[in-house]
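Counting starts at 1 for both ligands and their atoms, in listed order.
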Amino acid sequence: MVRENEIRRSEIAVALPATPDAGLYFIGRIRTPWQSRLVCPRQGRADGPICRIEVFEPWAAALDGIGAYGRLEVLYWLHLSRRDLVRQSPANDGASRGTFSLRTPVRPNPIGTSIATLVDVEGATVLVRGLDCLDETPLLDLKPDRTLFVPVAPPQPGDFQVGDA
Ligand code: SAM
């Protein structure tokens with residue numbers, strides 16, 4: 001059941017700490033077809049619409065090499081979410097669960113992650129499929145999908161080696 005900002009029966013809100021422990025840079029914005037949480041998908045799909053990830057300066061140079069990966073991990077800031085619920089009732093049926101057992105956007109640090117399929121890179125804009133965020137959602141980070149990424153530096157002690165159980 002899609003949430004706006006209400007607190008439902010059996011949900012628990014807490015007082016947020018007075019100050020945050022770290023700062024973030026919004027490195028871009030994500031353009032999607034969805035203007036409302038009522039129509040936004042709950043999880044992205046590989047056959048979803050093409051979305052545009054617009055990377056701001058001075059970060060565009062950091063896109064170099066990204067076109068080599070067919071899938072990207074996209075991290076974004078679910079900026080319209082409340083952040084104070086520790087128990088939530090996704091079905092709004094009186095039953096609740098802990099926030100960290102859910103992929104809800106309502107969390108103390110409202111970070112969303114998706115594995116997206118890379119469609120193209122046009123200058124400072126990355127085109128992908130597989131997102132589930134509202135239009136104008138702030139971008140936090142882009143990384144190669146970990147299953148595709150081979151470390152550039154030689155193996156280090158403690159790295160998992162091929163053939164390890
Ligand atoms: N795939 C991400 C994850 O698992 O971390 C996000 C999943 S979350 C369930 C996706 C939902 O968050 C959408 O259906 C929408 O209701 C909500 N949402 C999307 N963009 C948002 C934003 N910018 N602020 C607040 N809520 C947002």
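Scanning the protein for heavy atoms near atom 4 (O) of ligand 1, the closest one is Arg103 NE, 2.6 Å. Closest protein heavy atom to atom 17 (C) of ligand 1: Pro105 CG, 3.8 Å. Nearest protein heavy-atom contact of atom 20 (N) of ligand 1 is Leu134 N, 3.0 Å. In this structure, the protein non-hydrogen atom closest to atom 10 (C) of ligand 1 is Arg42 O, 3.4 Å. Nearest to atom 18 (N) of ligand 1 among the protein's heavy atoms is Leu78 CD2, 4.0 Å. Protein heavy atom at the shortest distance from atom 25 (C) of ligand 1 is Ser81 OG, 3.4 Å. The protein non-hydrogen atom at the shortest distance from atom 3 (C) of ligand 1 is Thr113 O, 3.3 Å. When hydrogens are left out, the protein atom nearest atom 13 (C) of ligand 1 is Pro41 O, 3.4 Å; that is the closest non-hydrogen contact.
Considering both main-chain and side-chain atoms, Val2 never comes within under 3.5 Å of ligand 1 through any nitrogen or oxygen pair.
A donor-acceptor pair under 3.5 Å is formed between the side chain of Gln88 and the backbone N or O of Val106. Judged by distance alone, the side chain of Arg107 and the main-chain N or O of Ile111 form no donor-acceptor pair under 3.5 Å.
A donor and an acceptor atom, one from each side chain of Glu54 and Thr125, are nowhere located under 3.5 Å apart.
Ligand 1 places these atoms under 4.0 Å from at least one heavy atom of Ser114: 1 (N).
A salt bridge is defined here as a Lys NZ or Arg NE, NH1 or NH2 lying under 4.0 Å from an Asp or Glu carboxylate O, and Glu11 with Arg9 fails to meet this definition.
By the 4.0 Å heavy-atom criterion, Tyr76 is counted among the residues contacting ligand 1.
Looking at Arg3 against ligand 1, nothing comes within 4.0 Å, counting heavy atoms.
Of the candidates Thr117, Ile66, Leu148, Asp145, Ile66 is the only one forming a side chain to side chain contact (heavy atoms under 4.5 Å, CB included) with Leu72.
Among Arg37, Arg82, His79, the residue whose heavy atom sits closest to atom 16 (O) of ligand 1 is Arg37. The residue among Leu38, Asp132, Leu80 with a heavy atom at the shortest distance from atom 19 (C) of ligand 1 is Asp132.
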- request: Please report the C-alpha distance between Arg103 and Thr113 in whole Å, then the side-chain angles of each, then the deciding distance to 0.1 Å, and finally whether the side-chain hydrogen bond (donor to acceptor under 3.5 Å, both in side chains) criterion is met.
  value: CA-CA 10 Å; Arg103 290 202 71 99; Thr113 68; 2.9 Å; yes

message: Go through it in stages, so that I can follow the logic: the residues are Ser114 and Tyr76, the test is side-chain hydrogen bond (donor to acceptor under 3.5 Å, both in side chains), and I'd like the CA-CA distance, side-chain angles, deciding distance and then a yes or no.
response: CA-CA 9 Å; Ser114 287; Tyr76 36 97; 2.6 Å; yes

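With sequence neighbours left out, Phe56 forms a ring pair (Phe, Tyr, Trp, His ring centres under 6.0 Å) with no residue at all.
Residue Leu38 belongs to a hydrophobic cluster whose other members are Val2, with links defined by side-chain heavy atoms closer than 4.5 Å.
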